[in-house]
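The structure appears below as structure tokens.
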Amino acid sequence: MMRAWILPTLLVLCGSAVATGLVLGGSPGGAAAILPVFVLLAGVNSPLVFPRPIGALEAERRSAADGRPVVYWRPGCKYCLRLRIRLGRSARRLHWVDIWRDPVGAATVRAANGGDETVPTVVVKGRPHTNPDPEWVRGHLPSSV
């Protein structure tokens, strides 16, 4: 759980250090411009931009019942972030499993990717797909959901 927050924390700390240096160097305007950039980067790389994750077993159960794909992801993954952003509001219609919080999810991803924890791995109708195109994922969402 804590390692998901390492990168965002480092970004905020680095941004604060840079902003402090700019203020002490006589450039408060530069500090006011740079600090929000670091905070935004921290937010984008945090778990906050993803729908609330559930456990792998619960996601598989729900997927079997409603036909929605399961997305295995981890915080800080730029490909997971790309998938999340490009899906837009449709992302809430998927079941999201954070492999750093769920050992069963991590094992599922390793089994699907030859021992590697390659994410995003999207499971559609029991078949895993590694780093699929977001439009392809959107096309596999049930229309009645």
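Position 1 is the first residue of the sequence; numbering continues from there.
- Taking each heavy atom of L141 and P69 in turn, the nearest pair found is CD2-CD, 3.8 Å.
- The main-chain N or O of L87 is found under 3.5 Å from a side-chain atom of R138 such that the two form a donor-acceptor pair.
- D102 places no side-chain N or O within donor-acceptor distance of the main-chain N or O of D98, the cut-off being under 3.5 Å.
- Applying the side chain to side chain contact (heavy atoms under 4.5 Å, CB included) rule to T20 yields the partners L24; only residues at least two apart in sequence or on another chain are considered.
- Criterion: ILVMFWY side-chain heavy atoms under 4.5 Å apart, direct or through other members. Under it, L41 and L10 are not part of a common hydrophobic cluster.
- Counting only heavy atoms from C-beta outward, the side chains of S46 and W5 approach each other to under 4.5 Å.
- Residues L35 and S16 are in side-chain contact: their nearest non-hydrogen atoms beyond the backbone lie under 4.5 Å apart.
- Side-chain contact check for V124 versus W136: some heavy-atom pair is nearer than 4.5 Å.
- Summarising the local packing, CZ of R92 is surrounded by 12 or fewer heavy atoms from other residues, nucleotides or ligands at distances under 6.0 Å.
- Remark: side-chain polar atoms of R110 are not paired, donor with acceptor, to backbone N or O of E117 under 3.5 angstrom.
- T118 and N131 share no donor-acceptor pair across their side chains, judged by distance under 3.5 Å alone.
- Proximity of T121 to N113: side-chain heavy atoms (C-beta onward) are separated by under 4.5 Å at one or more points.
- Once rounded to the nearest 0.5 Å, the distance linking CZ of R62 with NE2 of H95 reads 6.5 Å.
- Using a distance-only test at 3.5 Å, with no hydrogens or angles considered, no donor-acceptor pair links the side chain of W96 to the main chain of A59.
- Linking ILVMFWY residues whenever their side-chain heavy atoms come closer than 4.5 Å, directly or via other members, leaves I34 and V23 in distinct clusters.
- Tested against V137, the residues P120, P132, S90 include a single side-chain contact (heavy atoms from CB on, under 4.5 Å) partner, P132.
- Smallest separation of non-hydrogen atoms from H129 and R127: CD2-O, 3.1 Å.
- Residues passing the side chain to side chain contact (heavy atoms under 4.5 Å, CB included) test with L13, sequence neighbours excluded: T9.
- Under the 4.5 Å side-chain heavy-atom criterion for Ile, Leu, Val, Met, Phe, Trp and Tyr, F50 and I85 are members of the same hydrophobic cluster.
- The two residues A31 and A19 make their nearest non-hydrogen contact at CB-O, 3.4 Å.
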Inset, instruction - May I have the step-by-step check of side chain to side chain contact (heavy atoms under 4.5 Å, CB included) for V97 and V71, ending in yes or no? - result: CA-CA 6 Å; V97 178; V71 179; over 6 Å; no
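- When the side chains of ILVMFWY residues are joined at heavy-atom separations under 4.5 Å, either directly or via intervening members, W100 and V109 end up in a single hydrophobic cluster.
- Not a single donor-acceptor pair under 3.5 Å links the side chain of R82 to the backbone N or O of R86.
- Here the shortest heavy-atom pairing between V119 and C80 reads CG2-SG, 3.6 Å.
- A 4.5 Å side-chain heavy-atom check between W73 and I99 finds every atom pair outside the cut-off.
- Within the model, atoms CG of L94 and CZ of R84 stand 9.5 Å from one another, a figure rounded to the nearest 0.5 Å.
- Criterion: ILVMFWY side-chain heavy atoms under 4.5 Å apart, direct or through other members. Under it, V18 and V12 are not part of a common hydrophobic cluster.
- If you take SG on C77 and OH on Y72, they are separated by 15.5 Å, rounding to the nearest 0.5 Å.
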